[in-house]
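See structure below.
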Amino acid sequence: MERVFGRPVVTQEQMRARIREMGKQISTDYAGKDLVLVGVLKGAYAFYADLARAIRIPIRVDFIIVTSYGSKAKTSGKVKLVTELTEEIKGKDVLLVEDIVDSGLTVQYLVKTLSKRKPRSIKVCTLLSKPERREVEVQIDYEGFKIPNKYVVGYGLDYQQKYRNLPYLAVLDQVDEEA
Ligand code: 5GP
């Protein structure tokens, strides 16, 4: 089935401006601290790269891979850590960088799991949030944009592992149920 993209949900210009603001805010809030920016792959890769470069203080970079969705465009409700961090986070200030907070299950799981390693602090930064879809209450400390309950692709976000390289965020209007 042919995929039809609607209008960009967030334009490249809006995104650039917002990420610049977020980077500034994070630089101010974490000045003098030992900040580890933990990217949640794969979805956050594009946002992460832009956000990290908008932060004006020295930071550490690290990544984890989680799976929360199967090949279909709906949640299984299960979250699994597929890879580990490369460095200890004990005593450090961790900022989780997510592409999108949907049900909230991934963020809830990650904050709980990483907190056990005794970081000095742990906060959450997400480019997008779909508040309508929340199943568990999670605290988001830095949020780029609230979006409506639509499946979006591009700028790191996928549909069946494709479209991550679209340079903007678009609504996937038709989802092939057979796939
Ligand atoms: P949550 O655990 O909050 O339900 O889901 C978070 C994850 O679900 C995100 O990191 C992302 O991988 C995926 N996700 C949620 N909504 C969307 C969406 O609209 N588009 C895409 N491509 N992925 C989504």
Side-chain angles (χ1 to χ4, degrees), residues 1-12 14-15 18-19 22 36-52 61-85 94-116 122-179:
M1 187 193 284
E2 204 180 314
R3 313 277 183 271
V4 181
F5 295 112
R7 282 195 309 146
V9 193
V10 179
T11 66
Q12 283 176 284
Q14 286 171 322
M15 207 135 63
R18 184 71 188 113
I19 293 170
M22 293 170 91
V36 191
L37 212 57
V38 175
V40 184
L41 298 176
K42 301 175 192 171
Y45 86 88
F47 173 47
Y48 186 102
D50 287 345
L51 181 70
V61 303
D62 216 333
F63 302 93
I64 45 177
I65 300 182
V66 298
T67 49
S68 57
Y69 279 62
S71 56
K72 293 187 180 177
K74 57 184 170 202
T75 180
S76 63
K78 291 202 188 99
V79 184
K80 203 173 107 200
L81 208 60
V82 182
T83 61
E84 263 305 327
L85 290 168
V94 170
L95 184 58
L96 272 173
V97 179
E98 265 280 18
D99 51 355
I100 184 164
V101 179
D102 188 35
S103 68
L105 288 166
T106 307
V107 161
Q108 186 189 52
Y109 169 82
L110 288 176
V111 169
K112 201 171 127 206
T113 304
L114 298 182
S115 293
K116 290 183 190 150
I122 180 158
K123 289 192 173 179
V124 174
C125 175
T126 186
L127 176 66
L128 306 167
S129 171
K130 285 187 202 168
E132 282 172 54
R133 298 254 309 165
R134 212 68 93 242
E135 288 172 30
V136 289
E137 215 181 295
V138 287
Q139 186 178 332
I140 300 176
D141 302 282
Y142 304 94
E143 180 184 275
F145 300 92
K146 283 189 181 28
I147 60 163
N149 184 11
K150 293 258 168 69
Y151 198 83
V152 292
V153 295
Y155 197 65
L157 289 110
D158 74 311
Y159 173 65
Q160 296 185 346
Q161 298 303 331
K162 290 186 183 154
Y163 308 109
R164 292 192 195 275
N165 61 318
L166 261 188
Y168 56 89
L169 275 163
V171 171
L172 193 61
D173 284 337
Q174 290 179 16
V175 172
D176 189 347
E177 293 299 335
E178 307 289 299

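In listed order, ligands and their atoms are each counted from 1.
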Quick one: sort the Tyr159 and Tyr151 rings into parallel, tilted or perpendicular, breaks at 30° and 60°.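 Ring orientation of Tyr159 relative to Tyr151: perpendicular.
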Any [X] heavy atom less than 4.0 Å from ligand 1:
X: Tyr159; result: no
X: Lys150; result: yes
X: Lys42; result: no

Check this for me - ligand 1, Asp102, N or O atoms closer than 3.5 angstrom, yes or no? yes
Does any N/O atom on Val79 come nearer than 3.5 Å to any N/O atom on ligand 1?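 The answer is no, given that Val79 and ligand 1 share no N or O pair closer than 3.5 Å.
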Considering all heavy atoms, the nearest Ala44-Asp99 contact: CB-N, 3.8 Å
Interatomic distance, [X] atom [atom1] to [Y] atom [atom2] [nearest 0.5 angstrom]:
X: Lys80; Y: Thr113; atom1: NZ; atom2: OG1; result: 13.5 Å
X: Leu169; Y: Phe145; atom1: CG; atom2: CZ; result: 8.5 Å
X: Lys42; Y: Leu157; atom1: NZ; atom2: CG; result: 12.5 Å

Please list, in number order, the atoms of ligand 1 under 4.0 Å from a heavy atom of [X].
X: Glu98; answer: 10 (O)
X: Leu157; answer: 20 (N), 21 (C), 22 (N), 23 (N)
X: Leu105; answer: 2 (O), 3 (O)
X: Asp158; answer: 21 (C), 22 (N)
X: Thr106; answer: 1 (P), 2 (O), 5 (O), 6 (C)

Ligand 1 versus Ile100: contacting region, heavy-atom distance under 4.0 Å: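 Both backbone and side chain.
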Member of Val40, Leu127, Val152 meeting the side-chain contact (heavy atoms from CB on, under 4.5 Å) criterion with Ile100: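 Among Val40, Leu127, Val152, the one meeting side-chain contact (heavy atoms from CB on, under 4.5 Å) with Ile100 is Val152.
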Closest to atom 4 (O) of ligand 1 (judged by heavy-atom distance), picking from Ser103, Gly104, Gly156: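 Comparing heavy atoms across Ser103, Gly104, Gly156, the nearest one to atom 4 (O) of ligand 1 lies in Ser103.
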Short side-chain to backbone donor-acceptor contact, Arg18 and Gly144, under 3.5 Å: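 Pair found, side chain donor or acceptor close to backbone of Gly144.
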Decide yes or no for Tyr155 and Leu128: does some side-chain heavy atom of the first lie under 4.5 Å from some side-chain heavy atom of the second? no
